[in-house]
2 protein chains.
Amino acid sequence: MGNKKTTIKDIANVLGITPSAVSKALNNHPRISEKTKNAVIQVAQNLNYQPNHIASALRKGKTNLVGVIIPRASSNFFSSIIEKIEDILNDKGYNVIITQSNESYKKECASIEALLFTQVDGIIASMANETVKLDFYNKVKKKGIPLILFDRGENDLNVDYVGIDDYQSSHMVINHLVEQGCKRIAHISGNSNARIYKNRIRGYIDALEQHNLPFKKELLIESNLRQKDGRKIMQQLLELPERPDAVYASGDYVALGALEVLKQNNIKVPEDMALVGFSNEPFSSIVTPAITSIEQHSEKIGELAALTFLKRVAAPNEEVSLNKMILTPELIVRGSSLRVKTD
Amino acid sequence: MGNKKTTIKDIANVLGITPSAVSKALNNHPRISEKTKNAVIQVAQNLNYQPNHIASALRKGKTNLVGVIIPRASSNFFSSIIEKIEDILNDKGYNVIITQSNESYKKECASIEALLFTQVDGIIASMANETVKLDFYNKVKKKGIPLILFDRGENDLNVDYVGIDDYQSSHMVINHLVEQGCKRIAHISGNSNARIYKNRIRGYIDALEQHNLPFKKELLIESNLRQKDGRKIMQQLLELPERPDAVYASGDYVALGALEVLKQNNIKVPEDMALVGFSNEPFSSIVTPAITSIEQHSEKIGELAALTFLKRVAAPNEEVSLNKMILTPELIVRGSSLRVKTD
DNA sequence: TACTTTTGTTCCATCGTTTGAACAAATATA
DNA sequence: TATATTTGTTCAAACGATGGAACAAAAGTA
């Protein structure tokens, strides 16, 4: 068999018309007759024609590729956001390139570089914990392609953003813990350079104040939020002269690590130590005790991010109004923090 | 500022040479003098030249994009494979497009379609549980681009494959359970159409025979391996007139579901019912009791898959020798199956 | 009938890079 | 010195699809 790929030209030859006419027929150009259009479609099918997307991208200056950068795919939060983004964008003829930064600034830069190299039509990203310098993201902005951040964003970048109200999240958690009778609430935070963790810290401190609880510096600990960080930090907390009676962790994995140490030390959860995580990862409901957590409505975040991208490509020149979309989170109360049995 | 992108032509104009010379200089063509090469690189830098990857892809018929299809990113097994694949391929100048099938045949077909449309240089995939028809994968083969399968593959496809020895895995599990004194061992399998589950079933049956244990049809149950499937099936197993005293599940999630039901029913694990999972997901070590599982060496799988791809693109015409790479798995014994305390 | 408008198509340049062939100049070989 | 080889570059044709301008034919209008 002639193993060459069929091109628009082959179709043209069969029908005795020009490639240009074929192209127009396939793109449903108004000036092409129905008769020709049908004939072209027929022949295209017969020859098993597959449009060369690369050629079209070169000519049109548009690849129909969208890059998505996430810190880790293994987190359910991110993977479900991606799923939603894919859903929506695939429908509109876009393909999604997913890359992971693994929370590393260096890897993130490499990802951006790679995506720009691939000439994606836009980037939807959540920043690595490590990332402080915004140079690479500014590079994206300078390229003039849409850049949408979610969850982990920076105000300074001045781009569209979708996320939850982190300040309020902390209030929800602290209010709940206080209701449960907790008085010395520790907070395991992420990198305080990142906006979201900064906001959660602010919320934590303000909420404590509202409840007339003192803020103790030694109960606020910054970390990388991995499971092993949780183990280490909980160890530390247990060694304090005055132990906390509750821990509000800014992630479920770090909370899980903390829980392990608590169990090892036979500390009763929630009676002796209440525990709250963040993100509502599936495992938080299956460990014992199940971990109270914050649900961030990831599908909604994914949806909004995708729709915002589409809006931007549709109207690239509406420079002014940035979209900052802030969703309201939800506290999912479970065994790890439920001291007061209400029945 | 003149917001046009710099092209090879601009560089040529500055230096008074032809675009062709510039292209060759940038590609380190041996016939271009060092002097010209340096000059070109210099000017390219000054003008902030970014090569147009699309144009080059069109001309060369190569996108330097590799598609990876996995059932779910949320499984640690798959996400760590991807991480490794990315590592290796990025190094070689490839970018990786990740897509999820969500275990759905339809979504998998759509993914393949999308990847072919994007004109990836190759596809590395693990099949969805649902997938039985191989038509779309055959389409990939017909395109002539490398196709490498891992974990979930099919012999009929006749392509490179990386995975573990599933037959042996079952032996390891059964041997271990028998050592622990189990006599009625149930097996929760995945879709028996898939090669890997078929092999595990074979291994299960043969191993039972080796130990002179009878194979009971009602103790072999096929499922989708989700957590909820585990709950349902364990419920069923408990209702049998003769309960099993051990369950070997072909996945950690399904094992977890089973464990939940066991705990609810106050059945002692491992004393009354031993439990073994598969894949060694991180959570298997953190639940109580920790679940015995099979470690599949995911990084190694990812590495081999990536290297095989590279080998194929390097020598596309070595038609004959397919690579079927079968790794030896490892049984990680934990509390859920450890009855005999050895100290 | 003469002229305008509409319709359907062809023509041709273009997107930016690559590559084999061609060619002149420089260098090596006999 | 004549001839062969090497070196450095230009030439020109791709890769496949696109879209505006041009153009002929058909249809509509006066």
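Computation of the quantities below employed the complete heavy-atom set of this structure, encompassing side-chain atoms and omitting hydrogens, waters and symmetry-equivalent molecules. Naming convention: chains lettered A, B, ... in sequence-line order (proteins, then strands); numbering from 1 in each chain.
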Measure the distance from NZ on B:K60 to C1' on D:dG16 and round it to the nearest whole Å. 18 Å
With DNA chain D as reference, determine whether A:R31 or A:I8 sits nearer its 5' end, using the nearest nucleotide of each. A:I8
Note the angle between the end axes of the helix from C:dT1-D:dA30 to C:dA30-D:dT1, five pairs defining each, rounded to 10 degrees. 50°
Per-pair distances, 0.1 Å, donor-acceptor, side chain in residues 54-62 of chain B, under 3.5 Å, sequence neighbours excluded:
unit_1 : atom_1 : unit_2 : atom_2 : d
B:K62  : NZ     : B:N64  : OD1    : 3.0
B:K62  : NZ     : B:Y94  : OH     : 2.9

B:L327 vs B:Q296, test: side chain to side chain contact (heavy atoms under 4.5 Å, CB included). Steps then yes/no. CA-CA 8 Å; B:L327 308 177; B:Q296 305 185 79; over 6 Å; no
NE2 of A:H29 versus C1' of D:dG19: gap in Å, rounded? 8 Å
Distance in angstrom units between B:K9 NZ and D:dT10 C1', rounded: 15 Å
All salt bridge (charged side-chain N to carboxylate O under 4.0 Å, His left out) counterparts of A:K107, not counting sequence neighbours: B:E86
Expressed as a whole number of angstroms, how long is the span from A:I17:CD1 to D:dA17:C1'? 14 Å
D:dT10 OP1/OP2 closer than 4.0 Å to side-chain N/O of B:T18: yes
Within-4.5 Å side-chain heavy-atom neighbours: B:L116 and B:I145: yes
Does A:K143, at its NZ atom, have more than 12 non-hydrogen atoms belonging to other residues, nucleotides or ligands within less than 6.0 Å? yes
For A:D151, the salt bridge (charged side-chain N to carboxylate O under 4.0 Å, His left out) test, sequence neighbours excluded, returns none
Rounded to whole angstrom units, what separation is found between the CZ atom of B:R59 and the P atom of D:dA13? 13 Å
With a 4.0 Å heavy-atom cut-off, tell me which residues in residues 34-43 of chain B come close to DNA chain C, sorted by residue number. none
Using the ring pair (Phe, Tyr, Trp, His ring centres under 6.0 Å) criterion, which residues pair with A:Y161? Sequence neighbours excluded. none
Separation of D:dA13 atom P from B:L58 atom CG, nearest Å, is 17 Å
Pairs touching residues 42-54 of chain A that satisfy side chain to side chain donor-acceptor pair (under 3.5 Å), sequence neighbours left out: A:N52-B:Q119
Nucleotide nearest A:K24 when distance is taken to its side chain, options D:dG19, D:dA17, D:dT10: D:dG19
Using distance only, find each side-chain donor-acceptor pair of residues 13-30 of chain B under 3.5 Å and give its atom names and separation, not counting sequence neighbours.
unit_1 : atom_1 : unit_2 : atom_2 : d
B:T18  : OG1    : B:A21  : N      : 3.3
B:N27  : ND2    : B:S23  : O      : 2.9
B:N28  : OD1    : B:K37  : NZ     : 3.0

Which residues, if any, of residues 49-56 of chain A bring a heavy atom under 4.0 Å of DNA chain D? A:Y49, A:P51, A:N52, A:A55, A:S56
N/O (side chain, A:S20) to phosphate O (OP1/OP2, D:dG19) under 4.0 Å: no
Side chains of A:N95 and B:T118: is there a donor and an acceptor less than 3.5 Å apart? yes
Report yes if some heavy atom in the side chain of A:E130 is under 4.5 Å from a heavy atom in the side chain of A:E108; otherwise report no. no
Under the salt bridge (charged side-chain N to carboxylate O under 4.0 Å, His left out) definition, can you give me all pairs with a residue in residues 43-56 of chain A, not counting sequence neighbours? none
State which residues pass side-chain hydrogen bond (donor to acceptor under 3.5 Å, both in side chains) with B:T63; sequence neighbours excluded, sorted by chain then number. B:D121
Start and end of the DNA chain C segment that chain A contacts, any atom under 4.0 Å from a heavy atom: C:dT7 to C:dG16
Answer yes or no: is there a side-chain heavy-atom contact under 4.5 Å between A:E154 and A:Y137? no
